[in-house]
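So the structure is just underneath, and the comments pick up after that.
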2 protein chains.
Amino acid sequence: MASELSFTEENYLKAIYHISAESNESVNTNALAESMNTTPASANDMVKRLAQKNLIGYQKYKGATLLTKGKKIALTIVRKHRLWEVFLVDKLGFKWDEVHEIAEQLEHIKSPSLIKRLDKFLGFPTMDPHGDPIPNEDGIMKQTRRASIAEVAINTRGIIVAVNNDDTLLLQHLDSLGIKLGSRVGVLERMDFDGSVSISIDDGPKQFLSKAVAENLMITLTDTK
Amino acid sequence: MASELSFTEENYLKAIYHISAESNESVNTNALAESMNTTPASANDMVKRLAQKNLIGYQKYKGATLLTKGKKIALTIVRKHRLWEVFLVDKLGFKWDEVHEIAEQLEHIKSPSLIKRLDKFLGFPTMDPHGDPIPNEDGIMKQTRRASIAEVAINTRGIIVAVNNDDTLLLQHLDSLGIKLGSRVGVLERMDFDGSVSISIDDGPKQFLSKAVAENLMITLTDTK
DNA sequence: ATTTATTTTTAGATTAATCTAAATAATATT
DNA sequence: AATATTATTTAGATTAATCTAAAAATAAAT
Ligand SMILES: [Mn+2]
Ligand SMILES: [Mn+2]
Ligand SMILES: [Mn+2]
Ligand SMILES: [Mn+2]
């Protein structure tokens with residue numbers, strides 16, 4: 001049977017999913033431990049547990065990879081996390097930099113019908129407040145083509161669809177600049193010296209972003225004119 | 001510091017609250033164990049833990065009582081449970097007999113601002129879908145005067161505000177009779193032989209209720225005419 | 001190819017929450 | 001008052017999840 005996973009097991013599966021989504025490689029113990037804010041010994045213990053349950057593939061010294069069943073669970077957690085974030089922002093009026101920790105708890109509520117109804121109540125959203133795609137019930141999410149403002153060509157225009165960083169300080173900085181999801185961005189100039197860029201938001205005045213900030217701002221390419 | 005209670009500790013506090021709400025006596029080990037679906041040994045262990053934390057008063061062989069701090073926590077859990085039940089019914093369209101188990105999970109989400117916003121989003125309700133009062137932030141709830149249909153005088157009129165039983169079979173039976181919270185009831189007759197009663201719902205046709213059903217239907221007294 | 005450094009795994013402890021079975025205390029019954 | 005019954009507590013184990021410290025394997029550097 002499904003045998004009901006613990007919150008901890010679910011969180012590990014999600015961490016393995018997120019880490020391997022970037023690298024496409026098997027997830028090594030140290031990276032997993034760091035992501036989970038725990039020790040390599042603990043991560044190793046859990047990896048063995050999850051392998052036992054046929055949720056991940058694991059061989060000694062060779063890291064972990066999600067198996068079909070584990071990946072499906074991970075995507076369900078991601079789906080719930082992002083749907084709840086939409087609820088918190090759209091319905092309860094939270095700001096987008098306040099919702100992650102609460103969603104971290106809500107994502108573990110076990111009730112398929114709850115998520116079905118929540119999805120409908122929210123109007124079947126495809127993106128969370130940070131622009132990350134929401135997997136559907138089958139774990140499929142439409143991958144929008146993206147690039148960071150730091151790497152995009154001059155004169156590129158696009159729409160901000162994601163911020164690759166949950167750091168509250170960054171999110172608040174963006175708020176103060178009037179930058180939010182859905183903002184239309186034009187990339188005007190790039191200083192080769194430090195990688196900083198000048199941009200305009202919604203055809204407003206020129207503003208400057210450091211490379212560190214620009215790297216975290218993902219846009220969909222709409223127009224290169 | 002608050003030191004963050006576990007779900008289990010919260011559930012025990014809530015159970016102690018509910019059991020002692022009826023009897024006004026200290027809660028004995030066996031009753032607590034039964035309510036928690038566990039063994040007396042486990043309940044006894046937990047009672048010692050909670051006493052250690054000054055949440056409950058406890059002396060060997062003399063049962064447990066909530067202390068100020070523990071009662072406040074218990075009432076917060078009850079508040080969250082009932083607010084979430086309102087959400088599930090009013091916003092997501094669940095039926096009132098489907099929400100308890102989900103609320104049992106949601107009640108443990110830790111975020112005061114979430115509950116504040118949820119309360120506002122729901123329009124500051126004072127009753128949950130089963131007619132139970134929702135404690136405010138200070139743990140105060142307005143106690144409506146209630147009586148069961150089984151004990152009320154003939155010709156009493158009132159509004160159904162609670163069903164004293166979570167049994168799905170009962171709740172479905174009531175649904176089939178068109179009886180729900182907020183229904184206006186007139187008590188027409190009572191058979192002394194078996195305690196069954198005839199009533200009308202919302203001035204509709206005469207319907208019969210067994211004593212067992214009538215006992216679980218609580219009304220507020222509006223009119224004795 | 002050795003040596004050094006890093007990563008990964010194991011061994012052994014700890015804490016929360018639970019259980020079974022046995023012991024003890026409190027009640028109830030003769 | 002002695003005995004039987006019931007309620008409560010303790011003793012000893014178990015499981016999940018975690019840790020520290022030590023051992024083993026792999027990778028990197030000389
Ligand atoms: Mn998030
Ligand atoms: Mn989580
Ligand atoms: Mn309930
Ligand atoms: Mn609960």
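Every chain is numbered from 1, with letters handed out A, B, ... down the list of sequences.
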Any heavy-atom pair between the side chains of B:Leu209 and B:Ile179 that's under 4.5 Å?
yes

Taken to the nearest whole Å, CG/B:Leu32 to C1'/D:dA7 is 14 Å

How about A:Lys48 and A:Asn44: do any of their side-chain heavy atoms sit closer than 4.5 Å?
yes

Looking only at side-chain N and O atoms, does B:Tyr58 come under 4.0 Å of OP1 or OP2 in D:dT8?
no

Between atom NZ in B:Lys62 and atom C1' in D:dA7, what is the gap in whole Å?
16 Å

Verify whether one side chain among A:Asp166 and A:His130 offers a donor that lies under 3.5 Å from an acceptor in the other.
no

Please report, rounded to the nearest Å, how far the P atom of C:dA26 is from the CD atom of B:Gln59.
12 Å

List the residues meeting ring-ring contact (aromatic ring centres under 6.0 Å, His included) with B:Tyr61, not counting sequence neighbours, and say none if there are none.
none

Expressed in angstrom and rounded to an integer, what is the separation of A:Asn44 atom CG from C:dT6 atom C1'?
15 Å

Closest non-hydrogen atoms of A:Ala147 and A:Glu151, given as atom of the first, atom of the second and distance, are CA-OE2, 3.4 Å

Just one of B:Asp132, B:Asp119, B:Asp138, B:Asp128 clears the salt bridge (Lys or Arg N to Asp or Glu O under 4.0 Å) bar with B:Arg79, so which one?
B:Asp119

Under a 4.0 Å heavy-atom criterion, the protein footprint on nucleotides 12-27 of chain D, written with B, S and -, is ----SSBBB----SS-

Is the phosphate of C:dT8 approached by A:Asn30 (side-chain N or O, under 4.0 Å from OP1 or OP2)?
yes

